[in-house]
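Throughout, protein chains are lettered first and strands after them, A, B, ... in sequence-line order, and every chain is numbered starting at 1.
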Amino acid sequence: MKKYNPQQIEKKWQEYWKTNKTFAASDSSDKPKKFVLMEFPYPSGDGLHMGHVRGYTAGDVVSRYYRMQGQEVMYPIGWDAFGLPAENYAIKHGKDPKDTTTTNIANIKKQFQSIGYSFDWDREINTTDPEYYKWTQWLFLKFYEAGLAYEATGLINWCPKDKTGLSNEEVINGACERCGTKVEKKELRQWYLKITEYADKLLEGLKHLPEWPEAVKLQQENWIGKKEGSEIEFYLDFKKNPAGNDRRGPDGEKAKLTVFTTRPDTIFGATFLVLAPEHLWVTLATDADHDVLENKEEVKAYVDAAKAKDEMDRTDATKEKTGVELKGVKAINPATNEEIPIWVADYVLGGYGTGAIMAVPGHDERDHEFAEKFNLSIIELTEFADGNKFGTPKTTYRLRDWVFSRQRYWGEPIPLVHCEKDGVVAVPEDQLPVVLPEVKDYEPTGTGESPLAVVDEWVNTTCPKCGGAAKRETNTMPQWAGSSWYYLRYADPHNAQAFADQEKLKHWLPVDLYFGGMEHTTLHLLYSRFWNIFLHDQGLVPVSEPYTKRIPHGIILAADGSKMSKSKGNVVNPDSIVKEFGADVLRMYELFLGPHEASVSWSDKGIIGVARFLDRVWFWVSNAKATDEDSDEVLRALHTTIKKVTEDLENYKFNTVVSSLMSLHNEIKDQSCSKASMLVFAQMLYPIAPHIAEEIAELLGSEGSLQFSTWPTADESLLGAETMKVVVQVNGKVKDTLVLPLGTSEEEIKTQAMQSERVQATLTGKEPQRVIYVEGKLLNIVI
RNA sequence: GCUCGGGUGGCGGAACUGGUAUACGCACAGGACUUAAAAUCCUGGGCCCGUAAGGGAUUGAGGGUUCAAUUCCCUCCCCGAGCACCA
């Protein structure tokens, strides 16, 4: 008898799977397709962490399971290798990001293979491969041609550490999503994708995703933040303007202000207006060309101070309100015809609604607080206006357009050129990809320009339209570009003529199961839905929603419940676990830790339980005194477990799959068990611990890979017992348990229950008032 | 503040549609094997009282519905996630 030697067994089967291409997914199979996906990793220098292992293991388990259920499963993998982390890593080590990326990929690939994932390696993709990013650029041009990619100068989020612009989604609590640095505002020329134009479609699509977790849908919904309301115009009245009440504003035309409100019915209570410090009217009224305000300098000072504050301070609801009245101008409440003052205050945000509100201090807490502080009149309404009669219905969104350019080196060049004569011109398809040039210095410049701007021979080009001199766009795309469509490429990863063949897309899409982290809900998951819906509108992708089912996983924490991090030195490396216990133990233990969606703490102690279990299973099979027949208990336990494990796998309850297998083994290991039943045990073990399962099957004399065996079905006729266990309670407390032949009558059960010593002891002669009998389960005597 | 999750032994966690709470695993205790230790195997309790048999309590706290509540309803507390001066 050989001792269980995971290192040896695992290597053997990994070689076997590789040689036999066991997990290659066929594009032309008759079997029903299943597209299983886990978010692809970016190849960081630290390699895989436990969180990765959790997600990829879950995907691997269901992939192996569905293959045994007769489905054609595609479980692909690739590398999301552009972006800041890869670039920062390269800079830190003084190397070319291309080289470090290659090295890191090789390392992680080795890790993946050592854990035995059933990826279809023939479909491996890499976002930094020009053959891949050619199509990322091509798809970007589709947005450009549709008018959904535009260039604009504006205040954007700027990370001073990474020295690049960030999208709104990348700012978490006022800090950079990557490095945690406090984000600043900076005025910069940027490329944007008009995701706001797809706000309604993104919302509508959520309604057709019944298999997504509510929490994820809700988060996206909140992020989009759709609100119905009205825009109402307020005419202005100037005191200082020599033109008197000619209703001309500082811009010469707009002698009115438009506010956004969700409560037009409270307009009779609107006693003042408030403008955001960024409001265009305020900017104009305080500039050198205009002289309508009596306190221009005071207002200007307030506005400048507000702009200097960072986002966090601005939007802190607990701080005291500040503001300045715009003296010399009044607004007319269109409902009451009364003159009301206009204030500028930073509790009104420039980027939401119209940047101006009508303040109704009688019916809004914030307006109330403001009115109290500055002694403005407050009207408590008893009657409300007909909300339909005011203003124009208007919908606003919290969602902002997606800042799509980065001032960094390691990304896809944006395939556009700037021509003096023709302006912005798209690079024609036959000139794609625009290859990222070699540079001497990858360091971000911090000036708002990418390091590409200094590569003259690359920047200077000819205009595809007029043939004259032109300059290339030097900004690169954000990390999210390549990952916004990678799942499409898996359907046809080597296509040189198109991003993917339409027939293959029709065959594989949508992704049936998408595993990934909760942290991508309003980043990657929202972005890729946007791309997919747009591409569907363009007739380029057959389905509107890319992911049928989303399965998020919780984080793996350190033993003390804190996050694993290098700085704390509490990171557990998957490699060391594989080395010490084997891949099967690592896989099984990660699943056993707790429910897939919950955050769980890693425990070095607990892993021994799983290691012992596989050891015992090995001992059991290799010492096999397999009998010709199974005992009834073995058959019953086996089929009960088949039923339970199948149900649990269908519901991604991996932790209870593991415990069910442990229970089953405990029950049958000392009983008469046939080889056939042992093989069924190995089959059930296979998705979770495939190496040992394959080896056991071989030991039992089966040939080939278990992957091609058929998943066992529970025989319902074997599930029932010949006896039933009836719990006897008195007043709801358990007193006894009766084991009776099936079909014992209620009367007989009652009689027997009343004879029980412990029941008698509790009754102490009292007569039962009521007896409740639950068929075959329980008898409750009430006294 | 709002929205969504969650709170079960010393620890991770399990529990169908309301029907034996604590499966499975870790840790712990006792035993077997061993010169010994480790590993392994067997057994056990889990909070309180009791030598024991046994009894009682118990699913964040309090109340309710029910023959019966971890499960349903109400009030509150705590933890996690998301949103937030969003008009």
Side-chain angles (χ1 to χ4, degrees), chain A residues 172-173 213-223 225 227 229-230 259-264 266 270 274 276 314-321 345-349 351-360 363-367 369-370 396-398 518-519 521-522 552 554-555 559 561 589 592-595 597-610 612-613 615-616 619 644 647 653 655-666 725-737 758 761-762 768-783:
Chain A
I172 312 288
N173 288 332
E214 285 306 317
V216 173
K217 287 194 272 189
L218 204 79
Q219 248 186 72
Q220 290 208 350
E221 214 177 292
N222 287 343
W223 186 262
K227 268 216 177 112
S230 295
V259 305
F260 175 76
T261 179
T262 52
R263 293 288 308 273
T266 60
V274 187
R314 268 288 298 270
T315 55
D316 180 1
T318 57
K319 70 153 197 182
E320 203 172 322
K321 297 210 164 18
D346 68 359
Y347 81 93
V348 173
L349 307 173
Y352 186 78
T354 60
I357 62 161
M358 62 177 208
V360 186
H363 298 271
D364 182 283
E365 231 177 277
R366 293 151 303 163
D367 298 344
E369 195 190 317
F370 192 80
T396 60
Y397 299 88
R398 204 188 85 93
M518 205 63 195
E519 70 276 14
T521 301
T522 54
I555 326 168
Y589 184 56
F592 189 53
L593 274 173
E597 67 283 359
S599 291
V600 288
S601 297
W602 178 268
S603 152
D604 280 326
K605 280 186 178 165
I607 196 165
I608 193 74
V610 168
R612 281 177 190 152
F613 168 67
D615 232 359
R616 279 197 298 265
F619 181 83
K644 166 87 173 139
E647 275 169 16
K653 293 166 84 175
N655 55 332
T656 51
V657 171
V658 176
S659 57
S660 298
L661 290 174
M662 288 173 168
S663 296
L664 174 63
H665 184 250
N666 287 345
K725 231 197 236 175
V726 177
V727 172
V728 181
Q729 299 179 330
V730 176
N731 282 348
K733 302 217 162 163
V734 180
K735 292 296 164 188
D736 212 341
T737 310
R758 289 188 55 203
T762 316
Q769 288 174 355
R770 238 178 114 177
V771 179
I772 286 124
Y773 177 60
V774 182
E775 182 69 34
K777 270 189 180 167
L778 177 140
L779 191 82
N780 191 7
I781 301 165
V782 186
I783 53 169

For A:Met518 and B:rC4, give me the distance from atom CE to atom C1', rounded to whole Å. 9 Å

Between A:Tyr773 (OH) and B:rU20 (P), how many Å, whole number? 14 Å

Might you work through the side-chain contact (heavy atoms from CB on, under 4.5 Å) test for A:Thr261 and A:Val360, ending with a clear yes or no? CA-CA 10 Å; A:Thr261 179; A:Val360 186; over 6 Å; no

Below the 4.0 Å mark, does B:rA57 have OP1 or OP2 next to a side-chain nitrogen or oxygen of A:Lys733? yes

Determine which nucleotide pairs with B:rU75, using a 3.5 Å limit on both distances of a Watson-Crick or G-U wobble pair. B:rA61

Below the 4.0 Å mark, does B:rC4 have OP1 or OP2 next to a side-chain nitrogen or oxygen of A:Asn222? no

When you match A:Ala215 and A:Tyr589 each to their closest nucleotide on RNA chain B, which lands nearer the 5' end? A:Ala215

Categorize A:Leu349 for me: base, sugar-phosphate, or nothing, with a 4.0 angstrom heavy-atom threshold over every strand shown. base

Checking all strands, does A:Thr261 fall into the base, sugar-phosphate, or nothing category for heavy-atom contacts under 4.0 angstrom? sugar-phosphate

Taking B:rC41 as the reference, what is the distance to B:rU22 when you measure between their P atoms (whole Å, please)? 25 Å

Which part of the nucleic acid does A:Val771 contact within heavy-atom distance under 4.0 Å: base, sugar-phosphate only, or nothing? nothing

Do any side-chain nitrogens or oxygens of A:Arg770 fall under 4.0 Å of OP1 or OP2 in B:rA68? no

Could you check whether any side-chain heavy atom of A:Val782 comes within less than 4.5 Å of a side-chain heavy atom of A:Asn731, counting everything from C-beta outward? yes

Checking B:rC24, B:rG19, B:rC85 against the side chain of A:Ser663 (C-beta onward), the nearest is B:rC24

Could you tell me whether B:rG9 is syn or anti, where syn means a glycosidic angle within 90 degrees of zero? syn

Students often get this wrong, so: under 4.0 angstrom with heavy atoms, is A:Phe613 touching a base, only sugar-phosphate, or nothing? nothing

What is the distance, to the nearest angstrom, from the NZ atom on A:Lys653 to the C1' atom on B:rA23? 13 Å

Which part of the nucleic acid does A:Gln769 contact within heavy-atom distance under 4.0 Å: base, sugar-phosphate only, or nothing? nothing

Within the 4.0 Å heavy-atom criterion, would you say A:Asp367 contacts the bases, only the backbone, or no part of the nucleic acid? nothing

Rounded to whole angstrom units, what separation is found between the CD1 atom of A:Ile772 and the P atom of B:rC67? 7 Å

Side-chain touch A:Thr266/A:Asp364, heavy atoms, less than 4.5 angstrom: no

Per A:Lys644 side chain, nearest of listed nucleotides B:rA68, B:rC86, B:rA15: B:rA15

Is the distance from OP1 or OP2 of B:rC41 to the nearest side-chain N or O of A:Arg616 less than 4.0 Å? yes

Contacts of A:Trp223 meeting ring-ring contact (aromatic ring centres under 6.0 Å, His included) (sequence neighbours excluded), chain-then-number -> none

Any side-chain heavy-atom pair from A:Val727 and A:Lys777 closer than 4.5 angstrom? no

Taking B:rC24, B:rC67, B:rC4 as options, the one with an atom nearest any side-chain atom of A:Met662 is B:rC24

Is there side-chain contact between A:Phe613 and A:Asn666, with heavy atoms separated by less than 4.5 Å? no

Under a 3.5 Å cut-off for both contacts, is B:rA53 paired Watson-Crick or G-U wobble with anything, and if yes, with which nucleotide? none

I'd like to know if A:Lys605 reaches the base of B:rC11 with its side chain, counting only an N/O donor and acceptor under 3.5 Å. no

Between B:rU51 and B:rU58 - P atom distance, rounded Å: 24 Å

Heavy atoms only, 4.0 Å cut-off, all strands: where does A:Thr262 land among base, sugar-phosphate and nothing? sugar-phosphate

From B:rC86, B:rA27, B:rG19, pick the nucleotide closest to the side chain of A:Ile608? B:rA27

Counterpart base for B:rA27, defined by Watson-Crick or G-U wobble contacts under 3.5 Å: none

Of the candidates B:rA14, B:rC83, B:rC24, the side chain of A:Asn666 sits closest to B:rC24

With rounding to the closest Å, how many angstrom separate the P atoms on B:rC16 and B:rG6? 13 Å

In plain terms, say whether A:Glu647 and A:Lys644 are close enough for a salt bridge, that is, a side-chain N and a carboxylate O under 4.0 Å apart. no

Can you find a side chain N or O atom of A:Arg263 that sits less than 4.0 Å from OP1 or OP2 on B:rC86? no

Could you check which of B:rC4, B:rC85, B:rC67 has an atom nearest any side-chain atom of A:Leu218? B:rC4

Have a look at A:Asp364 and say if it touches a base, only the backbone sugar-phosphate, or nothing, with a 4.0 Å heavy-atom cut-off. nothing

Determine the Euclidean distance between corresponding P atoms of B:rU75 and B:rG82; express it in Å to zero decimal places. 27 Å

Pairing check on B:rA39: which nucleotide meets the Watson-Crick or G-U wobble criteria with it, both distances under 3.5 Å? none

Take the protein atom CG of A:Leu661 and the nucleotide atom C1' of B:rA14, then report the distance between them rounded to whole Å. 15 Å

Between the main-chain N or O of A:Ser603 and the side-chain N or O of A:Tyr589, is there a donor-acceptor pair closer than 3.5 Å? yes

Starting at CG of A:Asn780 and ending at P of B:rG19, how long is that distance when rounded to a whole Å? 14 Å

B:rA37 versus B:rA29 - spacing of their P atoms, nearest Å: 14 Å

Check this one for me: any side-chain N or O of A:Lys777 less than 4.0 Å away from OP1 or OP2 of B:rG18? no

Any idea which of B:rG82, B:rA14, B:rG12 is nearest the A:Thr656 side chain? B:rA14

For A:Val774, report the nucleic acid contact type (base, sugar-phosphate, nothing); a contact means any heavy atom under 4.0 Å. base

For atom NZ of A:Lys217 and atom C1' of B:rU3, their distance in whole Å: 16 Å

Please determine, for B:rG82, whether a Watson-Crick or G-U wobble partner exists with both distances under 3.5 Å, and give it or none. B:rC2

Side chain of A:Arg366 - closest among B:rU20, B:rC85, B:rG25: B:rC85

Taking the same atom, C1', in B:rU59 and in B:rC72, what whole-Å distance lies between them? 16 Å

Check whether any side-chain nitrogen or oxygen of A:Asn731 sits under 4.0 Å from OP1 or OP2 of B:rA68, and answer yes or no. no

What's the CD-C1' distance between A:Glu597 and B:rA81, to the nearest Å? 14 Å

A:Ala356 or A:Gln219, whichever maps to the more 5' nucleotide of RNA chain B: A:Gln219

Are A:Arg612 and B:rC26 close enough that a side-chain N or O sits under 4.0 Å from OP1 or OP2? yes

What is the pairing partner of B:rG46, taking Watson-Crick or G-U wobble pairs with both distances under 3.5 Å in any strand? none

Just name whichever nucleotide pairs with B:rG19, Watson-Crick or G-U, keeping both distances under 3.5 Å, else none. B:rC67

A:Phe592 side, atom CZ; A:Leu661 side, atom CG - distance, nearest 0.5 Å: 10.5 Å

With a 4.5 Å heavy-atom cut-off, do A:Asn780 and A:Arg770 have their side chains touching? no

Quantified in whole Å, what is the C1' atom distance between nucleotide B:rC47 and nucleotide B:rA21? 14 Å

